[in-house]
Amino acid sequence: MKTPYWLLEEKLLEKNLKILSSIKEQTGIKILLALKGYALWQSFDLVSKYLDGCCASGLYEAMLSDEKFKKETHTYSPAFKKEEIKDIATISDHIVFNSPNQFKRFANLAKEYNPNISLGLRVNPEYSESPVEIYNPCGLYSRLGTTIDNFDESIVKQIDGLHFHALCEQDSVALEKVLEIFEEKFGKYLHKMKWVNFGGGHHITKDGYNIQKFVSIINSFKNRHPHLDIYIEPGEAIGWQTGTLVATVLDIVHNGIDIAILDTSTEAHMLDTVIMPYRPDVRDSAKVGEKPFNYRLAGNTCLAGDIMGDYSFDRPLQIGDEIIFEDQMHYTMVKATTFNGIALPSIVIKRLDGTIEVVREFGYEDFRDRL
Ligand SMILES: *Cc1c(COP(=O)(O)O)cnc(C)c1O
(Lines give C-alpha, C1' and ligand atoms only; values in the text may rest on other atoms or scores of the structure.)
Protein backbone atom coordinates (compact mmCIF):
# COMPACT_ATOMS: atom_id res chain seq x y z
CA MET A 1 0.00 0.00 0.00
CA LYS A 2 1.25 3.47 -0.86
CA THR A 3 2.28 5.59 2.13
CA PRO A 4 1.40 7.79 3.81
CA TYR A 5 -1.92 6.39 4.97
CA TRP A 6 -4.10 6.30 8.03
CA LEU A 7 -5.23 2.85 9.02
CA LEU A 8 -8.35 2.56 11.17
CA GLU A 9 -8.95 -0.85 12.76
CA GLU A 10 -12.64 -1.34 13.30
CA LYS A 11 -11.99 -4.00 15.92
CA LEU A 12 -10.28 -1.40 18.10
CA LEU A 13 -13.01 1.14 17.39
CA GLU A 14 -15.63 -1.37 18.45
CA LYS A 15 -13.76 -2.02 21.68
CA ASN A 16 -14.12 1.68 22.55
CA LEU A 17 -17.76 1.74 21.48
CA LYS A 18 -18.54 -1.24 23.72
CA ILE A 19 -17.02 0.54 26.72
CA LEU A 20 -19.14 3.62 25.97
CA SER A 21 -22.20 1.49 25.45
CA SER A 22 -21.75 -0.24 28.81
CA ILE A 23 -21.64 3.19 30.44
CA LYS A 24 -24.91 4.05 28.74
CA GLU A 25 -26.43 0.90 30.18
CA GLN A 26 -25.19 1.66 33.68
CA THR A 27 -26.33 5.29 33.72
CA GLY A 28 -29.01 5.86 31.11
CA ILE A 29 -27.09 8.78 29.60
CA LYS A 30 -26.90 9.45 25.90
CA ILE A 31 -23.53 9.64 24.19
CA LEU A 32 -22.86 11.75 21.11
CA LEU A 33 -19.79 11.61 18.90
CA ALA A 34 -18.02 14.98 18.69
CA LEU A 35 -17.29 15.29 14.98
CA LYS A 36 -14.64 17.89 15.70
CA GLY A 37 -12.32 15.14 16.91
CA TYR A 38 -13.35 12.22 14.72
CA ALA A 39 -15.39 12.51 11.54
CA LEU A 40 -14.41 9.42 9.56
CA TRP A 41 -17.91 8.82 8.25
CA GLN A 42 -16.91 5.66 6.42
CA SER A 43 -16.90 4.04 9.87
CA PHE A 44 -20.25 5.46 10.99
CA ASP A 45 -22.22 2.29 10.26
CA LEU A 46 -20.35 0.82 13.20
CA VAL A 47 -20.33 3.91 15.46
CA SER A 48 -24.04 4.59 15.04
CA LYS A 49 -24.89 1.11 16.32
CA TYR A 50 -23.58 2.12 19.73
CA LEU A 51 -23.89 5.91 20.06
CA ASP A 52 -26.92 8.20 19.95
CA GLY A 53 -25.87 10.82 17.46
CA CYS A 54 -23.32 13.52 16.82
CA CYS A 55 -22.43 16.89 18.24
CA ALA A 56 -21.66 19.34 15.48
CA SER A 57 -19.87 22.68 15.69
CA GLY A 58 -21.70 24.32 12.85
CA LEU A 59 -23.51 23.76 9.59
CA TYR A 60 -21.11 21.42 7.83
CA GLU A 61 -20.67 19.05 10.74
CA ALA A 62 -24.42 19.09 11.27
CA MET A 63 -24.89 18.17 7.61
CA LEU A 64 -22.43 15.31 7.97
CA SER A 65 -24.27 14.03 11.03
CA ASP A 66 -27.58 14.26 9.22
CA GLU A 67 -26.33 12.63 6.04
CA LYS A 68 -24.02 9.93 7.35
CA PHE A 69 -24.88 9.21 10.99
CA LYS A 70 -28.64 9.62 10.79
CA LYS A 71 -29.39 9.78 14.50
CA GLU A 72 -29.53 12.83 16.79
CA THR A 73 -27.75 16.01 15.72
CA HIS A 74 -26.81 18.56 18.38
CA THR A 75 -25.32 21.75 17.02
CA TYR A 76 -23.36 24.30 18.99
CA SER A 77 -21.25 27.10 17.61
CA PRO A 78 -19.41 29.97 19.32
CA ALA A 79 -21.48 32.19 17.03
CA PHE A 80 -24.09 31.30 14.43
CA LYS A 81 -24.63 33.22 11.22
CA LYS A 82 -28.13 34.33 10.37
CA GLU A 83 -28.02 32.82 6.88
CA GLU A 84 -27.20 29.39 8.29
CA ILE A 85 -29.86 29.15 11.00
CA LYS A 86 -32.52 27.76 8.69
CA ASP A 87 -30.40 24.87 7.46
CA ILE A 88 -28.97 24.15 10.89
CA ALA A 89 -32.36 24.23 12.62
CA THR A 90 -33.97 22.02 10.01
CA ILE A 91 -31.52 19.16 10.55
CA SER A 92 -30.72 19.58 14.26
CA ASP A 93 -32.46 18.08 17.29
CA HIS A 94 -30.71 20.42 19.71
CA ILE A 95 -29.23 23.82 19.03
CA VAL A 96 -26.97 25.24 21.72
CA PHE A 97 -26.19 28.95 21.83
CA ASN A 98 -23.02 30.37 23.24
CA SER A 99 -24.39 33.60 24.71
CA PRO A 100 -27.72 35.10 25.76
CA ASN A 101 -27.24 37.52 22.89
CA GLN A 102 -27.12 34.72 20.30
CA PHE A 103 -30.00 33.01 22.05
CA LYS A 104 -32.18 36.09 21.78
CA ARG A 105 -31.24 36.67 18.14
CA PHE A 106 -31.84 33.15 16.88
CA ALA A 107 -33.92 31.03 19.28
CA ASN A 108 -37.28 32.04 17.85
CA LEU A 109 -36.02 31.76 14.30
CA ALA A 110 -34.72 28.24 14.97
CA LYS A 111 -38.10 27.28 16.46
CA GLU A 112 -39.88 28.69 13.44
CA TYR A 113 -37.90 26.46 11.09
CA ASN A 114 -38.11 23.45 13.39
CA PRO A 115 -40.83 23.53 16.08
CA ASN A 116 -39.40 20.37 17.64
CA ILE A 117 -35.91 21.74 18.13
CA SER A 118 -34.65 21.86 21.69
CA LEU A 119 -32.91 25.08 22.72
CA GLY A 120 -29.82 25.13 24.88
CA LEU A 121 -27.32 27.57 26.31
CA ARG A 122 -23.66 26.80 26.82
CA VAL A 123 -22.46 27.98 30.19
CA ASN A 124 -18.92 28.48 31.41
CA PRO A 125 -18.43 27.06 34.91
CA GLU A 126 -15.12 29.00 35.04
CA TYR A 127 -13.35 25.98 36.37
CA SER A 128 -11.24 23.54 34.43
CA GLU A 129 -8.24 21.37 35.07
CA SER A 130 -7.31 21.31 31.41
CA PRO A 131 -3.61 20.47 31.14
CA VAL A 132 -2.88 23.08 28.45
CA GLU A 133 -4.20 26.59 27.96
CA ILE A 134 -5.01 26.23 24.25
CA TYR A 135 -7.46 23.45 25.24
CA ASN A 136 -8.90 25.21 28.26
CA PRO A 137 -12.43 26.42 27.49
CA CYS A 138 -12.69 28.01 30.94
CA GLY A 139 -9.44 29.97 30.88
CA LEU A 140 -9.04 33.70 31.42
CA TYR A 141 -11.18 35.73 28.99
CA SER A 142 -12.59 32.57 27.39
CA ARG A 143 -15.22 33.29 24.74
CA LEU A 144 -16.72 29.81 25.12
CA GLY A 145 -19.92 29.70 27.13
CA THR A 146 -21.79 32.14 29.35
CA THR A 147 -20.43 32.88 32.81
CA ILE A 148 -22.82 33.16 35.71
CA ASP A 149 -22.26 36.95 35.73
CA ASN A 150 -23.35 37.16 32.10
CA PHE A 151 -26.32 34.84 32.56
CA ASP A 152 -29.56 36.51 31.52
CA GLU A 153 -32.55 35.33 33.52
CA SER A 154 -35.00 36.75 30.99
CA ILE A 155 -34.33 33.80 28.68
CA VAL A 156 -34.54 31.04 31.29
CA LYS A 157 -38.15 30.20 30.52
CA GLN A 158 -37.21 29.50 26.91
CA ILE A 159 -34.13 27.37 27.59
CA ASP A 160 -34.56 23.58 27.46
CA GLY A 161 -31.07 22.62 28.51
CA LEU A 162 -27.68 23.73 29.77
CA HIS A 163 -24.40 22.65 28.22
CA PHE A 164 -20.87 22.90 29.47
CA HIS A 165 -17.59 21.68 28.03
CA ALA A 166 -14.71 22.08 30.44
CA LEU A 167 -12.61 18.93 30.29
CA CYS A 168 -9.71 17.84 28.13
CA GLU A 169 -8.39 14.27 28.22
CA GLN A 170 -9.50 13.96 31.82
CA ASP A 171 -10.56 11.39 34.37
CA SER A 172 -13.84 11.29 36.25
CA VAL A 173 -12.28 13.08 39.23
CA ALA A 174 -12.10 16.24 37.10
CA LEU A 175 -15.72 15.78 36.04
CA GLU A 176 -16.77 15.54 39.67
CA LYS A 177 -15.17 18.89 40.49
CA VAL A 178 -16.54 20.69 37.45
CA LEU A 179 -19.98 19.28 38.09
CA GLU A 180 -19.90 20.45 41.69
CA ILE A 181 -19.11 24.00 40.58
CA PHE A 182 -21.63 23.83 37.72
CA GLU A 183 -24.36 22.91 40.21
CA GLU A 184 -23.24 25.54 42.69
CA LYS A 185 -23.51 28.26 40.05
CA PHE A 186 -26.28 27.10 37.73
CA GLY A 187 -28.13 24.54 39.88
CA LYS A 188 -30.92 27.00 40.62
CA TYR A 189 -32.00 26.83 36.98
CA LEU A 190 -31.94 23.06 36.59
CA HIS A 191 -35.52 22.41 37.71
CA LYS A 192 -36.65 24.38 34.64
CA MET A 193 -34.53 22.33 32.23
CA LYS A 194 -35.19 19.14 30.30
CA TRP A 195 -31.59 18.14 29.72
CA VAL A 196 -27.97 18.84 30.52
CA ASN A 197 -24.93 18.18 28.38
CA PHE A 198 -21.58 17.63 30.08
CA GLY A 199 -19.55 18.17 26.91
CA GLY A 200 -16.47 16.22 25.88
CA GLY A 201 -12.99 15.65 27.23
CA HIS A 202 -13.98 12.50 29.15
CA HIS A 203 -11.08 10.12 28.54
CA ILE A 204 -13.34 7.14 29.12
CA THR A 205 -11.68 4.64 26.81
CA LYS A 206 -8.17 5.26 28.08
CA ASP A 207 -6.66 2.47 30.20
CA GLY A 208 -7.05 3.38 33.84
CA TYR A 209 -10.03 5.74 33.44
CA ASN A 210 -12.17 5.34 36.51
CA ILE A 211 -15.42 4.20 34.92
CA GLN A 212 -17.02 3.17 38.20
CA LYS A 213 -16.53 6.68 39.52
CA PHE A 214 -18.02 8.16 36.35
CA VAL A 215 -21.05 5.91 36.75
CA SER A 216 -21.54 6.88 40.37
CA ILE A 217 -21.11 10.63 39.66
CA ILE A 218 -23.75 10.44 36.95
CA ASN A 219 -26.11 8.30 38.96
CA SER A 220 -25.94 10.56 41.98
CA PHE A 221 -26.54 13.61 39.75
CA LYS A 222 -29.56 11.75 38.36
CA ASN A 223 -30.83 11.18 41.88
CA ARG A 224 -30.66 14.88 42.57
CA HIS A 225 -32.24 15.81 39.21
CA PRO A 226 -34.35 12.85 38.08
CA HIS A 227 -36.21 14.89 35.44
CA LEU A 228 -33.10 15.64 33.36
CA ASP A 229 -31.79 13.75 30.34
CA ILE A 230 -28.01 13.68 30.45
CA TYR A 231 -25.72 13.83 27.44
CA ILE A 232 -21.98 13.68 27.00
CA GLU A 233 -20.22 14.31 23.70
CA PRO A 234 -16.70 12.90 23.63
CA GLY A 235 -14.60 12.94 20.46
CA GLU A 236 -11.17 11.71 21.41
CA ALA A 237 -12.56 8.81 23.47
CA ILE A 238 -14.14 7.33 20.33
CA GLY A 239 -11.01 7.37 18.18
CA TRP A 240 -8.57 6.75 21.03
CA GLN A 241 -5.95 4.16 20.03
CA THR A 242 -7.93 2.81 17.11
CA GLY A 243 -5.36 3.19 14.35
CA THR A 244 -2.09 4.44 12.99
CA LEU A 245 -0.44 6.74 10.49
CA VAL A 246 1.98 4.78 8.33
CA ALA A 247 4.88 6.56 6.63
CA THR A 248 8.05 5.65 4.74
CA VAL A 249 11.66 6.71 5.28
CA LEU A 250 12.64 8.70 2.17
CA ASP A 251 16.18 9.64 3.12
CA ILE A 252 18.57 9.68 6.03
CA VAL A 253 20.75 12.74 6.45
CA HIS A 254 23.42 13.47 9.02
CA ASN A 255 24.01 16.79 10.75
CA GLY A 256 25.35 16.09 14.20
CA ILE A 257 22.69 13.39 14.53
CA ASP A 258 21.02 10.98 12.12
CA ILE A 259 17.80 12.38 10.74
CA ALA A 260 15.24 10.29 8.88
CA ILE A 261 13.04 12.25 6.48
CA LEU A 262 9.57 10.72 6.15
CA ASP A 263 6.77 11.13 3.61
CA THR A 264 4.53 12.68 6.24
CA SER A 265 4.50 15.88 8.29
CA THR A 266 3.65 17.06 11.78
CA GLU A 267 2.31 20.38 10.60
CA ALA A 268 0.17 18.90 7.83
CA HIS A 269 -0.91 15.52 9.24
CA MET A 270 -0.33 15.47 13.00
CA LEU A 271 -1.01 19.03 14.03
CA ASP A 272 -1.66 18.22 17.67
CA THR A 273 1.94 17.08 18.03
CA VAL A 274 2.77 20.74 17.35
CA ILE A 275 0.13 22.60 19.30
CA MET A 276 -0.47 20.34 22.31
CA PRO A 277 2.46 19.56 21.91
CA TYR A 278 3.25 15.87 22.31
CA ARG A 279 5.63 13.25 20.97
CA PRO A 280 3.74 10.57 19.04
CA ASP A 281 4.58 6.96 19.85
CA VAL A 282 6.33 5.05 17.09
CA ARG A 283 5.93 1.29 16.88
CA ASP A 284 9.01 -0.77 17.89
CA SER A 285 10.88 2.32 19.04
CA ALA A 286 11.99 3.74 22.38
CA LYS A 287 13.32 6.97 23.83
CA VAL A 288 16.72 8.13 22.64
CA GLY A 289 19.52 5.95 24.05
CA GLU A 290 17.29 3.09 25.14
CA LYS A 291 17.91 1.15 21.93
CA PRO A 292 21.18 1.21 19.97
CA PHE A 293 20.23 3.20 16.85
CA ASN A 294 19.07 6.78 17.33
CA TYR A 295 17.25 8.95 14.83
CA ARG A 296 15.37 12.17 14.67
CA LEU A 297 12.18 11.61 12.67
CA ALA A 298 11.22 14.60 10.59
CA GLY A 299 8.71 15.65 7.96
CA ASN A 300 9.02 16.23 4.26
CA THR A 301 8.06 19.90 4.28
CA CYS A 302 10.38 22.91 4.22
CA LEU A 303 9.29 23.93 7.70
CA ALA A 304 12.43 23.64 9.84
CA GLY A 305 10.41 22.65 12.88
CA ASP A 306 8.57 19.82 11.14
CA ILE A 307 10.00 17.25 13.56
CA MET A 308 8.18 14.34 15.20
CA GLY A 309 10.90 13.77 17.79
CA ASP A 310 13.95 11.70 18.61
CA TYR A 311 13.62 7.90 18.80
CA SER A 312 15.79 4.82 19.07
CA PHE A 313 15.47 1.50 17.25
CA ASP A 314 16.91 -2.03 17.47
CA ARG A 315 18.21 -1.92 13.91
CA PRO A 316 19.51 0.88 11.70
CA LEU A 317 16.77 2.52 9.65
CA GLN A 318 16.94 2.05 5.89
CA ILE A 319 15.46 4.08 3.09
CA GLY A 320 12.10 2.48 2.32
CA ASP A 321 11.42 1.34 5.91
CA GLU A 322 7.92 1.90 7.23
CA ILE A 323 7.46 4.06 10.31
CA ILE A 324 4.20 3.53 12.14
CA PHE A 325 2.85 6.32 14.34
CA GLU A 326 0.46 4.98 16.96
CA ASP A 327 -2.89 6.45 17.94
CA GLN A 328 -3.40 8.79 14.99
CA MET A 329 -7.16 8.60 14.45
CA HIS A 330 -8.50 11.50 16.53
CA TYR A 331 -7.75 15.16 15.74
CA THR A 332 -5.58 14.16 12.77
CA MET A 333 -7.53 13.64 9.55
CA VAL A 334 -10.07 16.28 10.61
CA LYS A 335 -7.22 18.79 10.70
CA ALA A 336 -4.94 17.62 7.90
CA THR A 337 -3.89 20.07 5.23
CA THR A 338 -1.92 20.03 2.00
CA PHE A 339 0.54 22.57 3.43
CA ASN A 340 3.62 22.86 1.25
CA GLY A 341 1.94 20.75 -1.42
CA ILE A 342 2.49 17.64 0.63
CA ALA A 343 0.27 14.68 -0.23
CA LEU A 344 -2.63 13.99 2.12
CA PRO A 345 -2.44 10.46 3.59
CA SER A 346 -4.88 7.96 2.12
CA ILE A 347 -7.54 6.62 4.47
CA VAL A 348 -7.68 2.86 4.93
CA ILE A 349 -10.08 0.86 7.08
CA LYS A 350 -9.54 -2.65 8.32
CA ARG A 351 -13.12 -3.85 8.64
CA LEU A 352 -14.41 -6.13 11.38
CA ASP A 353 -14.23 -9.12 9.03
CA GLY A 354 -10.55 -8.42 8.32
CA THR A 355 -10.91 -7.00 4.82
CA ILE A 356 -8.83 -3.95 4.08
CA GLU A 357 -10.53 -1.13 2.26
CA VAL A 358 -8.89 2.00 0.89
CA VAL A 359 -11.77 4.42 1.39
CA ARG A 360 -10.07 7.58 0.16
CA GLU A 361 -7.02 8.57 -1.83
CA PHE A 362 -5.98 12.14 -2.48
CA GLY A 363 -4.20 13.68 -5.42
CA TYR A 364 -2.90 16.90 -6.90
CA GLU A 365 -6.45 18.16 -7.44
CA ASP A 366 -7.11 18.11 -3.72
CA PHE A 367 -4.17 20.46 -3.25
CA ARG A 368 -5.08 22.69 -6.19
CA ASP A 369 -8.80 22.91 -5.64
CA ARG A 370 -8.66 24.17 -2.07
CA LEU A 371 -7.35 27.42 -3.48
C1 LIG B 1 -13.96 19.57 21.44
C2 LIG B 1 -15.32 19.46 21.96
C3 LIG B 1 -15.85 18.22 22.32
C4 LIG B 1 -15.05 16.93 22.24
O5 LIG B 1 -13.93 16.95 23.07
P6 LIG B 1 -12.99 15.68 23.22
O7 LIG B 1 -11.86 16.20 24.03
O8 LIG B 1 -12.56 15.27 21.86
O9 LIG B 1 -13.75 14.62 23.91
C10 LIG B 1 -17.15 18.18 22.77
N11 LIG B 1 -17.90 19.31 22.88
C12 LIG B 1 -17.41 20.52 22.55
C13 LIG B 1 -18.28 21.71 22.69
C14 LIG B 1 -16.11 20.64 22.09
O15 LIG B 1 -15.63 21.85 21.78
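Counting starts at 1 for both ligands and their atoms, following the listed order.
- The shortest contact between atom 10 (C) of ligand 1 and any protein heavy atom is with E233 O, 3.2 Å.
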task: Please report the C-alpha distance between E72 and Y231 in whole Å, then the side-chain angles of each, then the deciding distance to 0.1 Å, and finally whether the side chain to side chain donor-acceptor pair (under 3.5 Å) criterion is met.
output: CA-CA 11 Å; E72 291 183 37; Y231 291 87; 3.1 Å; yes

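- Tested against L51 for a side-chain contact (heavy atoms from CB on, under 4.5 Å), the candidates L46, L32, L20 yield a single pass: L20.
- Residue R122 touches ligand 1 through its side chain alone, judged by heavy-atom distances below 4.0 Å.
- F182 and F198 have perpendicular rings, their planes meeting at more than 60° on a 0 to 90° scale where under 30° would count as parallel.
- Counting protein heavy atoms only, atom 9 (O) of ligand 1 is closest to G201 N, 2.7 Å.
- Under a 4.0 Å N-O distance rule, the pair R315/D321 does not qualify as a salt bridge.
- Residue contacts with ligand 1 for E236 involve both N, CA, C or O and side-chain atoms from C-beta outward (heavy atoms, distance under 4.0 Å).
- Residue H203 places no heavy atom under 4.0 Å from ligand 1.
- Close contacts between ligand 1 and A34 involve ligand atoms 3 (C), 4 (C), 10 (C) [criterion: under 4.0 Å to a heavy atom].
- Heavy atoms of Y135 stay at 4.0 angstrom or farther from ligand 1.
- Residue contacts with ligand 1 include G235, since one or more of its heavy atoms lies under 4.0 Å from the ligand.
- Taking 4.0 Å as the cut-off, C168 does not count as a neighbour of ligand 1 on heavy-atom distance.
- For atom 2 (C) of ligand 1, the closest non-hydrogen atom of the protein is K36 NZ, 2.6 Å.
- Ranking protein heavy atoms by distance to atom 3 (C) of ligand 1, first place goes to H165 CE1, 3.5 Å.
- In the model, N136 has a side-chain atom that pairs as donor or acceptor with a side-chain atom of S128 under 3.5 Å.
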